[in-house]
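Notes follow once the structure below has been shown.
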Amino acid sequence: MIPILRTVAEMRALARVWRKAGQTVGVVPTMGALHDGHLSLARRARRECDRVVTTIFVNPKQFNNPEDLKKYPRTEAADAALLATVPVDAIFAPGPEEVYPEGFITTVSMAGVAQPLEGHMRPGHFDGVATVVTKLFGMTLADRGYFGQKDWQQLQVVLRLVRDLNMAVEVVGCETIRETDGLAMSSRNVRLTPEGRTKAPVLYAAISAAAKDIRAGQSDRMAIREAAETMRAAGFERVEYIELRDAETLMPSDDPARPRRMLAAAWLDGVRLIDNIPV
Ligand code: PAF
């Protein structure tokens with residue numbers, strides 16, 4: 001059985017023992033409802049670190065919609081069973097009162113890369129992410145933190161955070177894990193209806209086609225418009241954004257000499273899906 005730690009004191013005590021023995025600590029921060037994408041992060045941490053901790057904490061500070069927070073799936077027993085297959089050394093699953101005790105007043109606030117796209121659509125989201133990631137790294141004494149490229153902007157935010165605050169943590173960005181039909185794995189996918197699930201892969205197909213057309217010389221704007229039309233025709237209720245951005249700063253970019261990324265967010269079946277690919 002993998003130990004499930006609930007308090008910062010327990011987590012710290014265990015991490016201190018590991019550190020004292022000269023062992024490296026790899027941390028995979030999650031909000032639970034684990035799938036193969038999370039497990040691939042844990043497996044990579046397992047390969048690269050002496051000790052691996054998966055954190056499970058549904059962070060209220062990164063939800064700007066209280067309904068979304070309420071509906072977020074909580075499946076701790078199933079998550080623990082999946083993590084036993086890796087296996088990880090510990091699960092750190094504190095409650096909200098442990099992470100944000102009475103009197104908590106500190107927020108890590110980020111500008112720049114945290115502002116456009118997800119930052120614009122979900123005000124306060126990345127301040128919530130930056131705050132909790134800072135705390136989780138501190139609580140677990142992380143040497144390395146593992147994050148999926150599926151949340152590309154989040155990955156850039158965390159890279160910037162660690163650099164700006166001189167944290168002694170190496171951030172490792174890992175490939176998006178996809179279903180066989182291309183849909184990026186996400187804890188939100190289970191909320192799609194069976195019919196919605198058949199349409200959802202169109203998001204990845206549409207942005208992949210747009211990226212290919214842009215590489216072949218089509219104008220960015222035309223390729224993006226076609227991708228949005230394809231998604232609407234497939235039944236997506238709303239395309240929030242499809243944008244071609246500088247891969248690191250997330251600012252608009254028409255400079256093909258710099259790495260660029262196409263990022264998209266769209267609603268299907270009342271579920272918000274995001275994805276991204278290199279261009
Ligand atoms: O990607 C997530 O699941 C969350 O944003 C994270 C990094 C665990 C912070 O709560």
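Here the structure is a predicted model, which means the values were calculated and not measured.
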May I ask you to decide if the ring planes of Phe137 and Phe147 are parallel, tilted or perpendicular, using 30° and 60° as cut-offs? perpendicular
Quick one: do Met31 and Ile274 end up in the same hydrophobic cluster if we chain Ile, Leu, Val, Met, Phe, Trp and Tyr together by side-chain heavy atoms under 4.5 Å apart? no
Hey, quick one: are Val86 and Ile56 part of the same hydrophobic cluster, counting side-chain heavy atoms closer than 4.5 Å, chains of contacts allowed? yes
Please tell me if the side chains of Phe104 and Lys61 come closer than 4.5 Å, counting only heavy atoms from C-beta onward. yes
Is the backbone N or O of Asp269 less than 3.5 Å from a side-chain atom of Glu237, with the two atoms forming a donor-acceptor pair by type? yes
Are Leu39 and Phe92 joined in one hydrophobic group, where the rule is that I, L, V, M, F, W and Y side chains link up if heavy atoms are under 4.5 Å apart? no
Using a strict threshold of under 4.0 Å (side-chain N to carboxylate O), is an ion pair present between Glu76 and Arg6? yes
Check whether any side-chain heavy atom of Lys71 lies under 4.5 Å from a side-chain heavy atom of Arg191, and answer yes or no. yes
Identify each donor-acceptor pair in which a side-chain atom of residues 123-134 lies under 3.5 Å from a protein atom, sequence neighbours left out, and give them as a table.
| unit_1 | atom_1 | unit_2 | atom_2 | d |
| --- | --- | --- | --- | --- |
| His125 | ND1 | Gln62 | O | 2.8 |
| Asp127 | OD1 | Met110 | N | 3.0 |
| Asp127 | OD2 | Ser109 | OG | 3.4 |
| Thr131 | OG1 | Val108 | N | 2.9 |
| Thr131 | OG1 | Asp127 | O | 2.6 |
| Thr134 | OG1 | Ala130 | O | 2.6 |

Decide, yes or no, whether a salt bridge links Arg178 with Asp36 under the criterion of side-chain N to carboxylate O below 4.0 Å. no
Identify, with sequence neighbours excluded, every residue that meets side-chain hydrogen bond (donor to acceptor under 3.5 Å, both in side chains) alongside Glu229. none
Using only atom types and a distance under 3.5 Å, with no angle test, would you say the side chain of Asp246 pairs donor to acceptor with the backbone of Thr249? yes
Here the pair of heavy atoms bringing Gly112 nearest to Met251 is O-CE, 3.8 Å
Excluding sequence neighbours, so at least two apart, what forms side-chain contact (heavy atoms from CB on, under 4.5 Å) with Met121? Arg238, Glu240, Tyr241, Arg272
Reference residue Leu5; test side-chain contact (heavy atoms from CB on, under 4.5 Å); the match among Leu14, Val53, Thr55, Ile91: Leu14
Check ring-ring contact (aromatic ring centres under 6.0 Å, His included) between Phe63 and all other residues, then give those that pass, not counting sequence neighbours. Tyr72
Any side-chain heavy-atom pair from Val279 and Leu244 closer than 4.5 angstrom? yes
Within a strict 4.5 Å, meaning less than it, do heavy atoms of the Arg16 and Lys20 side chains meet? no
Would you check if the side chain of Glu98 reaches a backbone N or O of Gly95 as a donor-acceptor pair within less than 3.5 Å? no
Scan side-chain atoms only and decide if Tyr100 and Asn59 contain a donor-acceptor pair under the 3.5 Å cut-off. yes
Any idea which heavy atoms bring Ile2 and Ala80 closest together, and the distance? CD1-O, 4.3 Å
Distance-only donor-acceptor hits, side chain of residues 167-176, under 3.5 Å, sequence neighbours excluded:
| unit_1 | atom_1 | unit_2 | atom_2 | d |
| --- | --- | --- | --- | --- |
| Glu170 | OE1 | Arg144 | NE | 3.0 |
| Thr176 | OG1 | Lys150 | N | 3.1 |

Main chain of Ala33, side chain of Ser187: is a donor-acceptor contact present, judged purely on distance under 3.5 Å? yes
Could you tell me whether the side chain of Arg260 reaches within less than 4.5 Å of the side chain of Ile214, counting heavy atoms only? yes
Would Ile242 and Met231 count as a side-chain contact (heavy atoms from CB on, under 4.5 Å) if you check the C-alpha gap in whole Å, the side-chain angles of each, and the deciding distance to 0.1 Å? CA-CA 11 Å; Ile242 304 176; Met231 286 165 62; 4.0 Å; yes
At their closest point, which heavy atom of Tyr204 faces which heavy atom of Ser208, and how far apart are they? O-OG, 2.7 Å
Just by modelled atom types, is the Val52 backbone N or O under 3.5 Å from a matching donor or acceptor in the Asp89 side chain? yes
Would Leu263 end up clustered with Leu183 when hydrophobic side chains under 4.5 Å apart are linked, directly or stepwise? no
So, Arg19 and Asp50, do they make that salt bridge, N to O below 4.0 Å? no
Quick check: closest heavy atoms across Leu192 and Ala200, and the distance to 0.1 Å? CD1-CB, 3.8 Å
Just by distance, do the side chain of Asp79 and the backbone of Leu34 share a donor-acceptor pair under 3.5 Å? yes
If you count heavy atoms of other groups shown closer than 6.0 angstrom to CG of Asp254, is the number above 12? no
Treating Ile, Leu, Val, Met, Phe, Trp and Tyr as nodes and any side-chain heavy-atom pair under 4.5 angstrom as an edge, say whether Leu203 and Ile277 lie in one connected cluster. yes
Indicate yes or no: does Arg197 engage Asp181 in a salt bridge with an N to O separation below 4.0 Å. yes
Does a side-chain N-to-carboxylate-O contact under 4.0 Å join Glu195 and Lys199? yes
Are Val202 and Phe236 packed together at the side-chain level, in the sense that at least one heavy-atom pair is separated by less than 4.5 angstrom? yes
Rounding to 0.5 Å, atoms CD (Gln149) and CG (Asp275) come to a distance of 11.0 Å
Counting only heavy atoms from other residues, nucleotides and ligands, does the tally under 6.0 Å from CZ of Arg163 exceed 12? yes
So, taking the atom named OG1 in Thr7 and the one named CE in Met139, what distance separates them when rounded to the nearest 0.5 Å? 10.0 Å
Taking every heavy atom of Ala223 against every heavy atom of Gln218, the minimum-distance pair comes out as CB-OE1, 3.6 Å
Ala247 backbone acceptor or donor facing Arg261 side chain under 3.5 Å: no
Neighbour count >12 (heavy atoms, 6.0 Å) for atom CE, Met222: no
Answer yes or no: is there a donor N or O on one side and an acceptor on the other, between the side chain of Gln153 and the main chain of Glu118, under 3.5 Å? yes
Does NZ or CZ of Arg44 lie under 6.0 Å from the centre of the six-membered ring of Tyr146, at an angle within 45° of the ring axis? no
Mind checking whether His38 and Val28 have side chains closer than 4.5 Å, heavy atoms only? no
Any side-chain heavy-atom pair from Val27 and Leu136 closer than 4.5 angstrom? no
For Leu141, the hydrophobic cluster (side chain heavy atoms closer than 4.5 Å, chained through members) also holds none
Check against side-chain contact (heavy atoms from CB on, under 4.5 Å), Glu179 and Met185: CA-CA 6 Å; Glu179 305 285 357; Met185 288 193 186; 3.7 Å; yes
N/O donor-acceptor pair under 3.5 Å between Asp143 side chain and Gly26 backbone: no
To check you understand the geometry: which heavy-atom pair defines the closest contact between Ala264 and Ile207, and what is its length? CB-CG2, 3.9 Å
How long is the straight-line distance from CG of Asp213 back to CG of Asp220, given to the nearest 0.5 Å? 11.0 Å
Would you please test Asn276 and Met262 for side-chain contact (heavy atoms from CB on, under 4.5 Å) and show each step? CA-CA 5 Å; Asn276 68 86; Met262 185 172 289; over 6 Å; no
CG (Leu161) and CD (Gln154) are apart, to the nearest 0.5 Å, by 11.0 Å
